[in-house]
Amino acid sequence: MTDREFSFGRLAIASLGSATVVLVVTTAVVGLVRPGPGVGLAIVAVGIAAAITVMGVVSTSMTRRSLRDDRQDEHDE
């Protein structure tokens with residue numbers, strides 16, 4: 001489908017970039033809501049868990065897409 005090869009650099013930038021977006025949103029929520037210490041800790045904990053989850057989803061999606069393209073190329077030959 002695509003002419004680009006799998007790149008670990010692109011994978012790292014995409015997964016870290018998506019996690020950064022989640023952490024920026026979490027920071028904005030904490031800044032806007034200005035919660036107390038307990039609620040703030042809970043918001044940050046959810047934000048960190050969401051960042052880790054998003055990193056996993058993005059990296060898995062990119063890797064599967066690349067492997068699927070490689071397998072289709074092998075079958076086309």
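Taking both residues in full, the closest heavy atoms of Met62 and Ala14 are given as SD-CB, 3.4 Å, listed atom of the first, atom of the second, then distance. Here the closest non-hydrogen pair linking Ser15 and Met55 is O-CG, 3.3 Å. Of all non-hydrogen atoms in Ser18 and Val58, the two that sit nearest each other are OG-CG2, 3.7 Å. Of all heavy-atom pairs between Gly47 and Val22, the closest is O-CG1, 3.7 Å.
A 6.0 Å sphere centred on CD1 of Ile13 holds no more than 12 heavy atoms belonging to other residues, nucleotides or ligands.
Proximity of a side-chain donor or acceptor of Ser59 to a complementary backbone N or O of Gly56 within less than 3.5 Å is detected.
Ile48 contributes atom CD1, which lies 8.0 Å from atom OG1 of Thr26 (distance to the nearest 0.5 angstrom). Of the inter-residue distances, the one linking Phe8 atom CZ with Thr63 atom OG1 reads 8.0 Å to the nearest 0.5 angstrom. Distance check: Thr27 OG1 to Ile43 CD1 gives 11.0 Å after rounding to the nearest 0.5 Å.
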Problem set entry | side chain to side chain contact (heavy atoms under 4.5 Å, CB included) between Phe6 and Leu11, intermediate numbers included | CA-CA 8 Å; Phe6 181 77; Leu11 176 67; 3.8 Å; yes
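Transitive grouping of hydrophobic side chains (ILVMFWY, heavy atoms separated by less than 4.5 Å) keeps Val30 and Leu41 in distinct clusters. Criterion: ILVMFWY side-chain heavy atoms under 4.5 Å apart, direct or through other members. Under it, Val44 and Ile52 are part of a common hydrophobic cluster.
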